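Values in this document were obtained by computation on a predicted structure and should not be read as measured data.
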Amino acid sequence: MAAEAGISRPPVENVLITPASEPVAAEVAQRVRGLPGVAGVDEPRRSPDGGTLLVVITMAGDDQLAGEHIEPVIEQTDAVAAAHPDVRLTQTGDASQERGLSAQLGQGVLITKAITLPVTLLILFLVFGSLLAAGIPLLLAITAILGSVGLYGLASVFFPDAGGAVTSILLMMGMAVGVDYSLFALKRVREERDRSRGQLSHAAAVEIAAATSGRAIVVSGLAVIVSLVGLYLASDIIFSSIATGTIIVVAVAVLSAVTVLPALLAKLGPRLEGGRQAKPPRLWNRLLRPAVEHPVPTLLVGLLLIGALAIPGLNMKLGVEGINSFPRSVPEIAAYDELVSTFPDRGASHMVVIRGDDAARVAEDMATPGARIVSSVDGRTQRLELPIPYSAGTPEADVSLAQLRAQPVPPGVELAISGEPARGVDYSAHQAERLPWVVGFVLLATFLMMALAFRSVVIGALGLVLNLLSVLAAWGALVVVFQGTWAEGLLGFTSTGFIGSRTPLMLFAILFGLSMDYQIFVVSRIREAVERGLPTREAVVDGITGSARVVTSAALVMVSVFIGFMFIDRIEMKQIGLGLALAVLLDAVIVRILLLPAAMSLLGKASWWPGRVREPAPPLRTPAARA
């Protein structure tokens, strides 16, 4: 309504000058006035205590245009600060805050890379005992990420782009799936060579890996992509951008794993086979014995462990990440605190837009002390700014908004409310409204993927339930860690008392896809064992022990990648990193050691219903044998 009337609230930059200096304020105004993207500069305003001057710079256009022109403005204010070392200049505004946050996020991603890459290489070296073999998954992951960043740049010409957050998630997912898919294939080549005691040629082993692990990689990648498609149903630019970026990186990783990787493995040949030979998985046989021999008690224990973690999720409070949750290590965010404490009316406010013949009178009636009114040329639309003495996202701000929206509107007048508190409340309400659609789609899609991949409705339902349990446990852990204050010093954050409204939905879609990775790979190995003639209960042990090293290694790589993102000084990134790391850990330990083998052992041949498997009948026991 404001845009149609030509009275949109323009983006502004606030420059604080302490101690107050009129010449310095005049120099700031003189330097920035006339810069591209600057619409005007207000007269300096003195703080109530007289110690600080405020120079308000009005930027031209919308927030995006202001962001494109903020750099020259900052250069000029920095130049003034350098010329007057006895005066402190601080600057804050939407455009400068976004610039500062993006710069800090970029630094955090660099730190994450510096931690993740060597840790991943070390894990892979311990798995393969060969630096050459360890480098291949890392190389393919990095090239998949680089290629995907380029493809995402192309896609952003046609689809919405949410900016830096997408690159961070793309990096996280690219490292996770890129390394995993290469690891699955490379380990299968070694396994086939070991199983044949060297009688099988390296090329033949690569062919077998391509036919077995390659199929599992394609199905896993499709499952991840299908889960991420659900994010489009959130009708949100950030979710849509993240979905586009992560779908691209997963698709590139899958394509690399089934084309470039087999060619590379065939070319390098036996040089990849250094290191130790695989030892019989005695430890995993012992770990799986309770689930196979006593499936019901094992299921109960696993469900109790997951339930204990999931229960706190019932008390989850959602909120929108905003100025109050941004790190104060960003100078522009710290400057905002100084601005609000010195000039309280420059803080959060309700923006009320009134349209109608009687709009001017309604605006005057609603105005409070310190309110600002801007009228359209024809006078039929009024923009009313109502400063509030509360931060956006606080209960007091929400109550103030509710009271404002509850006021009666005269006939013939349209009234709409925006501003920081309204955006937070409405965004959370929008997420809550779209949540069932996203969850429903992801649940149905993953069920169909598993059911079709294994021709089994039971396996599809079991995969859905196990994935859901992992997600619920991750949600509960987020509440325990981030809604309280006990972990603030340990993880380096300041609790906001809520979980970011985007985090649960994002974790849900990503985790359902990633959990399918392990389940499809492990269940594929179990299915192979069944088709070789083993009963399902024995096949469970054979499949899980046969894939134990590679899945454990892949899980360690994923966990290390996700934990690396907890070093970024953004509470939303810490929540996503911890949630993903914990869920993958639960999936690789509790689900794989307790729940999945116990459930499949209990179900037996019924696990594959309605598909057919060549599971042998139990041998008949003669009286002599029983004796």
Side-chain angles (χ1 to χ4, degrees), residues 112 115-116 119-120 122-124 127 137 141 168-184 187 216-217 220-221 223-225 227-228 242 246 249-250 253 287 302 305-306 309-310 313 442 446 450 463-478 480-482 491 503-523 544 547-567 573-596:
T112 299
I115 295 170
T116 299
V119 170
T120 301
L122 176 62
I123 293 171
L124 294 172
V127 172
S168 304
I169 302 295
L170 188 150
L171 171 65
M172 178 191 292
M173 289 292 290
M175 280 297 296
V177 299
V179 169
D180 275 10
Y181 295 160
S182 304
L183 185 60
F184 292 163
K187 202 74 176 69
I217 288 168
S220 298
V224 177
I225 288 171
S227 295
L228 293 168
I242 288 173
T246 47
V249 78
V250 172
L287 289 174
L305 291 173
I306 293 285
L309 280 172
V442 173
T446 51
M450 287 289 282
L464 186 149
V465 171
L466 295 180
N467 287 349
L468 191 57
L469 290 174
S470 296
V471 172
L472 293 175
W475 285 355
L478 286 182
V480 172
V481 174
F482 290 101
L491 301 179
T503 302
L505 202 53
M506 196 178 304
L507 285 179
F508 179 82
I510 293 175
L511 283 176
F512 250 75
L514 293 180
S515 295
M516 299 298 282
D517 259 1
Y518 297 130
Q519 286 196 32
I520 287 173
F521 190 70
V522 172
V523 176
I544 294 179
S547 61
R549 274 193 89 187
V550 64
V551 173
T552 302
S553 305
L556 285 174
V557 169
M558 274 199 184
V559 169
S560 68
V561 169
F562 297 148
I563 286 179
F565 278 77
M566 294 181 65
F567 291 91
M573 295 304 295
K574 291 179 185 290
Q575 290 175 356
I576 292 171
L578 178 67
L580 289 173
L582 182 63
V584 168
L585 198 60
L586 290 172
D587 201 64
V589 179
I590 294 181
V591 171
R592 184 160 52 110
I593 296 176
L594 301 179
L595 297 180
L596 178 65

* To do: Start with the C-alpha gap between I306 and L595, add the side-chain angles, then the distance that decides, and say whether side-chain contact (heavy atoms from CB on, under 4.5 Å) holds.
  => CA-CA 10 Å; I306 293 285; L595 297 180; 4.2 Å; yes
* What are the two closest heavy atoms between V177 and A253, and how far apart are they? -> CG2-CB, 4.0 Å
* Asked: Under a 4.5 Å cut-off applied to non-hydrogen side-chain atoms, are L183 and L124 in contact?
  -> yes
* Evaluate the side-chain contact (heavy atoms from CB on, under 4.5 Å) criterion for residues T120 and S560: first the C-alpha distance (whole Å), next the side-chain angles of each, then the deciding distance (0.1 Å), finally the verdict. => CA-CA 7 Å; T120 301; S560 68; 4.0 Å; yes
* Which heavy atom in I520 sits nearest to a heavy atom in A216, and how many Å separate them? -> CG2-O, 3.8 Å
* With sequence neighbours left out, write down each residue that passes ring pair (Phe, Tyr, Trp, His ring centres under 6.0 Å) with F184, or none if nothing qualifies. => F521
* Can you name the nearest heavy-atom pair linking S168 to M573, along with the distance? -> CB-CE, 3.8 Å
* To do: Taking the side chain as every heavy atom from C-beta outward, state whether V179 and V561 have any atom pair closer than 4.5 Å.
  => no
* For A477, check side chain to side chain contact (heavy atoms under 4.5 Å, CB included) against everything at least two apart and list the hits. => L582
Could you give the side-chain donor-acceptor pairs of residues 503-515 under 3.5 Å, partners two or more places apart or in another chain?
{"residue": "T503", "atom": "OG1", "partner": "Q575", "partner atom": "OE1", "Å": "3.3"}
{"residue": "S515", "atom": "OG", "partner": "L511", "partner atom": "O", "Å": "2.9"}

* For the residue pair S220 and Y181, what are the closest heavy atoms and their distance? -> C-OH, 3.9 Å
* To do: Identify the heavy atoms of S227 and T446 that sit nearest to each other, and give their distance.
  => OG-CG2, 3.2 Å
* **Residue pair V591 / L469, side-chain heavy-atom distance below 4.5 Å** => no
* Within a strict 4.5 Å, meaning less than it, do heavy atoms of the D180 and M558 side chains meet? -> yes
* **Note, F565 side chain near L580 side chain (heavy atom, < 4.5 Å)** => no
* Structure fact -> Minimal heavy-atom distance between G564 and T116, with the atoms involved, is CA-OG1, 4.3 Å
* Distance-only, no hydrogens or angles: does the K187 side chain make a donor-acceptor pair with backbone N or O of R549 under 3.5 Å? -> no
* **Close side-chain approach of V119 to I563, heavy-atom, < 4.5 Å** => no
* To do: Side-chain contact test, heavy atoms from C-beta onward, threshold under 4.5 Å: evaluate it for R592 versus T552 and give yes or no.
  => yes
